[in-house]
Amino acid sequence: MSPAVRVRKAVIPAAGMGTRFLPTTKAIPKELLPIVDTPGLQLVCEEAIGAGIETVIVVSHPDKRAVEEYFRPAPELLESLQAAGKDELVERLRRVDELDVRFVHQSEPLGLGHAVGVAAAEVGDEPFVVLLPDELMGGSALLSAMIAAHEKTGGSVVGLKQVPHEQVSAYGVVAPSGPVTAAGLVPLSGMVEKPAADEAPSDYVIIGRYLCTPEVMGEIARLRPGTGGELQLTDALRAVCDYQPFHGLVGDALGEAFLRHDTGNPAGWLAANLQLALSDPTYGPPLRELAAQVLAGY
């Protein structure tokens, strides 16, 4: 078993072409679409920073140059904002500028396992997290708790959510080998990718946060293509379950600190914008008034 060492690196798969958001994504990567006033990719990086991550490896596509451009330092912009007294915004941008951001390319859509494997050389022989930018977690609470669980157990950890049984076939589903603790931690014996509902081992599904021991990269290298020619990260994780401690962490156990949004489709993206804008002290009050007027007509 790998010793529990400090988790410093995050892999963000961002090579998808965003076909569900066409025609917008013909020119704008979906990871840069705003959630209220901030790109989703920025929010995920802020989540990583809040959990102590120092290096982010973005797995992008050669045609998505705007993603790399977003991380290019803009000292003139910061100076202008500073002069305008927008210190909070300056600090927010500067924190991301101080991240060690690296880029690797995935030219073909060969699955999440393949995307993570492309980052192997940058990750090296150390534990790492995988953050899917389509999923927002409302802050760093879940990721921080997963890192703490890894430090305690020495094994891999995945973020979990309990869903209605009829929905499990859309997700990777885990097989618990023990009860869920009050803190939301549950030992796992395996997992399966998108099972039929009557074959699913539980109602706990994997959400877009993974903490992987170095051995996961070795299992990815041994993967063989499955349906559609894709390499599934779930298959590599399942293999690790056979010889290492493996746990899931149920996000809802964190209470109000956990608020998951799936922004990978237009309906989820709109819902995230609406909910987060309504809770914003600047945008919320006028938006509530407008929403009341609009809803009165239905």
Side-chain angles (χ1 to χ4, degrees), residues 11-48 58-71 106 108-112 115 130-139 142 159-164 166-173 193-194 197 205-210 227-228 230 232-234 251-252 258-280 282-284 286-298:
V11 176
I12 301 180
M17 302 312 290
T19 54
R20 284 179 287 186
F21 286 89
L22 285 170
T24 300
T25 46
K26 182 174 180 289
I28 304 171
K30 67 175 180 177
E31 294 82 10
L32 298 184
L33 295 179
I35 308 298
V36 186
D37 57 2
T38 305
L41 185 56
Q42 168 97 17
L43 293 175
V44 173
C45 286
E46 290 175 354
E47 175 189 347
V58 180
V59 182
S60 188
H61 188 278
D63 291 340
K64 296 175 71 171
R65 291 186 292 272
V67 171
E68 297 184 31
E69 189 65 29
Y70 184 79
F71 289 97
Q106 182 191 31
E108 297 180 81
L110 298 178
L112 181 57
V130 178
L131 312 178
L132 302 191
D134 283 350
E135 300 191 44
L136 306 179
M137 302 299 167
L142 176 63
L160 300 178
K161 184 175 179 64
Q162 190 172 24
V163 301
E166 61 271 17
Q167 296 180 13
V168 295
S169 60
Y171 299 90
V173 183
E193 183 69 20
K194 298 180 179 178
V205 304
I206 303 173
I207 53 180
R209 297 296 179 268
Y210 309 79
T227 303
E230 293 191 346
Q232 298 294 343
L233 179 59
T234 303
D252 288 327
F258 172 74
L259 180 63
R260 174 178 175 263
H261 287 288
D262 182 354
T263 64
N265 59 81
W269 178 80
L270 288 167
N273 273 279
L274 179 60
Q275 185 167 358
L276 295 175
L278 287 171
S279 64
D280 186 273
T282 299
Y283 303 117
L287 183 58
R288 287 177 185 276
E289 182 177 341
L290 175 61
Q293 294 173 5
V294 172
L295 291 173
Y298 286 89

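Positions are given from 1, in the same order as the sequence printed here. Both backbone and side-chain heavy atoms feed into the values below; hydrogens, waters and symmetry mates do not. Owing to the predicted nature of the structure, the values given are computational and were not obtained by experimental measurement.
For E69, the side chain to side chain donor-acceptor pair (under 3.5 Å) partners two or more places apart in sequence, or in a different chain, are R72. When the ring-ring contact (aromatic ring centres under 6.0 Å, His included) test is applied to Y70, no partner is found at least two apart in sequence or on another chain. E289 pairs by the salt bridge (charged side-chain N to carboxylate O under 4.0 Å, His left out) definition with nothing, not counting sequence neighbours. When the side chain to side chain donor-acceptor pair (under 3.5 Å) test is applied to T263, no partner is found at least two apart in sequence or on another chain. For E193, the side chain to side chain donor-acceptor pair (under 3.5 Å) partners at least two apart in sequence or on another chain are T234.
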Show your reasoning for whether salt bridge (charged side-chain N to carboxylate O under 4.0 Å, His left out) applies to E135 and K161. CA-CA 12 Å; E135 300 191 44; K161 184 175 179 64; over 6 Å; no
Could you check Y171 against I206 for side-chain contact (heavy atoms from CB on, under 4.5 Å), going step by step and ending with a plain yes or no? CA-CA 7 Å; Y171 299 90; I206 303 173; over 6 Å; no
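Smallest separation of non-hydrogen atoms from V59 and A115: CG2-O, 3.5 Å. Between F71 and V67, the shortest heavy-atom contact is CD1-O, 3.3 Å. When all heavy atoms are compared, the tightest approach of A277 to L287 is CB-CD2, 3.5 Å. Of all non-hydrogen atoms in A48 and L131, the two that sit nearest each other are CB-CD1, 3.9 Å. When all heavy atoms of L136 and L43 are compared, the closest pair comes out as CD1-CD1, 3.9 Å. The two residues P133 and V44 make their nearest non-hydrogen contact at CA-CG2, 3.8 Å.
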Sequence neighbours excluded and cut-off under 3.5 Å, please list the side-chain donor-acceptor pairs for residues 18-29, or say none.
residue: R20; atom: NE; partner: G264; partner atom: O; Å: 3.2
residue: R20; atom: NH2; partner: G264; partner atom: O; Å: 3.1
residue: T25; atom: OG1; partner: G18; partner atom: O; Å: 2.7
residue: T25; atom: OG1; partner: L22; partner atom: N; Å: 3.4

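Separation of atoms CG (L276) and CG (D37) is listed at 10.0 Å; rounding is to 0.5 Å. Once rounded to the nearest 0.5 Å, the distance linking CG of D134 with NE2 of H261 reads 14.0 Å. The structure places CG of L142 at 10.0 Å from CG of D252, a figure rounded to the nearest 0.5 Å. With rounding to the nearest 0.5 angstrom, the CD atom of E47 is 6.5 Å from the CE atom of M137.
Between the side chain of K64 and the backbone N or O of E31, no donor-acceptor pair lies under 3.5 Å. Remark: side-chain polar atoms of T38 are not paired, donor with acceptor, to backbone N or O of I35 under 3.5 angstrom.
Under a cut-off of 6.0 angstrom, the local environment of CD in E108 is sparse, with at most 12 non-hydrogen atoms contributed by other residues, nucleotides or ligands.
Residue L132 forms a side chain to side chain contact (heavy atoms under 4.5 Å, CB included) with just one option from L112, D262, I207, and that option is L112.
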